Amino acid sequence: MAVRDYLRERFFPHMWCPGCGHGTVLNNLLRAIENLKIEKNDIVMVSGIGCSARISGYVDFHTLHTIHGRALAFATGVKMSRPDLNLIVPMGDGDALAIGGNHFIHAARRNIDITAIIMNNRIYGMTGGQFSPLTGYGKLATTAPYSNIDHDFDAVSLATAAGASFVARTTTYHVKQMADIFQKAILHKGFSVVEVLTQCPTYFGRKNRAGSAAEMVENYKKSTTPIGSKASQENSDLIERGIFIEKDLPEYCGEYDKIIQKAMKGK
Amino acid sequence: MGKPKLKELNIRREWCKGCGICVSFCPTKVLELDEKDKALAARPEDCTCCLLCEMRCPDLAIEVILENE
Ligand SMILES: Cc1ncc(C[n+]2csc(CCOP(=O)(O)OP(=O)(O)O)c2C)c(N)n1
Ligand code: SF4
Ligand code: SF4
Ligand code: SF4
Ligand SMILES: [Mg+2]
């Protein structure tokens with residue numbers, strides 16, 4: 001199957017702005033699924049609300065477009081009742097880590113087998129460019145016209161500390177790495193977090209004079225480096241990308257099944 | 001197998017939003033935006049079939065079709 005066979009083509013062209021990185025995330029997520037040859041009917045994509053969350057409307061899988069910040073809660077319900085299905089939950093930075101922060105850390109702590117994708121454009125795109133917990137100190141947003149004084153989360157450190165058993169970061173420049181990481185994250189048995197740095201040229205870009213969409217993508221090449229590279233040791237401003245954590249831990253649905261078995265035996 | 005050979009750069013004009021990402025990053029400068037700001041394969045003979053334009057396009061508007069596919 002080709003990537004386009006996984007699309008609901010009737011909704012194209014999609015609603016994202018010209019040059020919005022969210023489309024590149026969709027593109028390479030489908031590529032990963034195509035490489036893994038997973039049947040459409042074996043995938044459930046659950047999303048919340050945001051420009052990023054609109055991704056679930058465009059894919060020809062089982063899809064749920066739910067409420068802001070709660071996609072992981074809905075996905076947990078689906079996974080617990082149908083552990084055989086592959087759950088993919090793409091979220092915006094606000095969706096995942098502002099309103100949805102609590103759901104995020106507890107899903108990670110439980111190690112439930114869900115692939116969580118944080119489409120990090122460092123802004124609330126859908127509602128007009130308000131700052132998010134990932135905007136960063138000194139950046140501009142419609143709600144921080146004199147510059148943001150909030151420090152940002154490091155999504156990778158947060159996911160790691162919360163107990164996620166697979167944690168990775170990539171960007172919309174590094175598309176081959178993105179497709180490869182998505183593949184590994186989907187195959188991983190446990191809670192996988194993939195942070196993708198993705199451009200919002202319309203709000204974050206315009207507010208922060210980051211240039212065209214292509215210039216923002218080019219900047220991901222300049223501002224990131226592979227984990228543990230020489231460049232990373234010499235320049236701590238560079239953002240590391242790659243797979244940070246990949247470990248085997250007991251998975252939640254499997255553990256729950258064991259409890260059911262025990263209870264059935266009456267001890 | 002040998003080197004992949006290009007059959008066609010299939011660009012869906014109705015999906016392309018003219019962001020210029022494919023044009024900026026094509027290693028061999030195959031692509032251009034036309035007068036309507038739609039991507040156009042101006043020099044297909046230089047295409048190395050690296051697939052990067054297809055993978056980076058945010059609008060899923062490009063398909064690199066290889067000979068023998
Ligand atoms: C409970 C609730 N609170 C607030 C909103 C308004 N709202 C919609 S999307 C959004 C934030 C979107 O930002 P993000 O999650 O980063 O996604 P993006 O649009 O940037 O992809 C907010 C605050 C809402 N829909 N529901
Ligand atoms: S507002 Fe930003 S995040 Fe939303 S579609 Fe436009 S570029 Fe993408
Ligand atoms: S990257 Fe895609 S949407 Fe952007 S100009 Fe090229 S074909 Fe058009
Ligand atoms: S496949 Fe590679 S060489 Fe060919 S047009 Fe696309 S980016 Fe350029
Ligand atoms: Mg956002």
Side-chain angles (χ1 to χ4, degrees), chain A residues 2-32 34-35 51-52 55 58-59 119 121 170-180 182 196 198-202 205 211-221, chain B:
Chain A
V3 163
R4 283 177 184 170
D5 296 331
Y6 290 99
L7 293 177
R8 292 177 181 153
E9 293 205 3
R10 62 189 182 280
F11 299 131
F12 276 69
H14 59 50
M15 56 75 69
W16 292 313
C17 304
C20 174
H22 291 348
T24 306
V25 176
L26 168 65
N27 187 331
N28 291 285
L29 179 61
L30 294 181
R31 230 160 263 283
E34 182 198 18
N35 287 340
C51 294
S52 39
I55 191 171
Y58 297 121
V59 294
M119 296 158 78
N121 56 15
T170 186
T171 86
T172 52
Y173 176 83
H174 302 93
V175 279
K176 289 193 172 156
Q177 180 183 49
M178 193 198 307
D180 179 57
F182 281 153
V196 185
T198 167
Q199 70 280 5
C200 167
T202 302
S212 66
E215 285 169 296
M216 291 180 83
V217 173
E218 174 74 17
N219 193 47
Y220 290 138
K221 176 171 130 191
Chain B
M1 275 243 330
K3 262 201 280 182
K5 201 167 169 298
L6 182 71
K7 186 166 170 195
E8 188 199 348
L9 276 160
N10 180 319
I11 300 171
R12 282 203 188 179
R13 291 175 57 83
E14 2 36 287
W15 289 13
C16 169
K17 296 190 187 126
C19 69
I21 288 176
C22 59
V23 178
S24 293
F25 296 110
C26 171
T28 50
K29 303 277 166 253
V30 170
L31 301 156
E32 279 177 15
L33 292 185
D34 68 12
E35 68 287 352
K36 292 228 159 69
D37 271 350
K38 302 282 179 185
L40 171 87
R43 285 166 290 279
E45 63 282 4
D46 293 339
C47 175
T48 61
C49 308
C50 70
L51 296 186
L52 285 170
C53 54
E54 181 179 316
M55 294 177 82
R56 286 211 183 91
C57 174
D59 289 85
L60 295 101
I62 307 186
E63 213 173 355
V64 181
I65 302 172
L66 305 180
E67 216 55 86
N68 76 36
E69 257 190 2

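Owing to the predicted nature of the structure, the values given are computational and were not obtained by experimental measurement. Within every chain, numbering begins at 1; the chains are lettered A, B, ... in the order of the sequence lines, protein sequences first and strands thereafter.
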Legend entry - Closest heavy-atom pair and its distance - B:Glu14, A:Pro13: O-CG, 3.5 Å
Legend entry - Heavy-atom closest contact (B:Gly20 atom, A:Ala214 atom, distance): O-CB, 4.5 Å
Inset, instruction - Search all heavy atoms of A:Ala213 against all heavy atoms of B:Ile21 and return the closest pair with its distance. - result: CB-CD1, 4.1 Å
Legend entry - Residue A:Asn28 versus chain B: region with a heavy atom under 4.5 Å: side chain
Inset, instruction - Specify which of B:Cys22, B:Pro58, B:Cys57 makes the most heavy-atom pairs with chain A at under 4.5 Å. - result: B:Pro58
Legend entry - Toward chain B, the part of A:Val25 with a non-hydrogen atom under 4.5 Å: neither
Legend entry - Test log, rule side-chain contact (heavy atoms from CB on, under 4.5 Å), inputs A:Tyr173 and B:Arg56: CA-CA 7 Å; A:Tyr173 176 83; B:Arg56 286 211 183 91; 3.5 Å; yes
Legend entry - Under 3.5 Å: donor-acceptor pair, side chain of A:Asn27, backbone of B:Glu54: yes
Legend entry - For the student: nearest non-hydrogen atoms of B:Lys17 and A:Cys17, plus distance: CD-C, 4.4 Å
Inset, instruction - Write down the atom of A:Thr24, the atom of B:Met55, and the distance for their closest heavy-atom approach. - result: CG2-O, 3.7 Å
Inset, instruction - May I ask you to name which of A:Lys176, A:Met178, A:His22, A:Glu215 has the most heavy-atom pairs under 4.5 Å with chain B? - result: A:Lys176
Inset, instruction - Flag the pair B:Phe25 / A:Glu218 as yes when at least one side-chain heavy-atom distance between them is below 4.5 Å, and no otherwise. - result: yes
Legend entry - Nearest non-hydrogen partners of B:Leu60 and A:Phe12, listed with the distance: CD1-CE2, 4.2 Å
Legend entry - Atom NZ of B:Lys29 with >12 non-hydrogen neighbours under 6.0 angstrom: yes
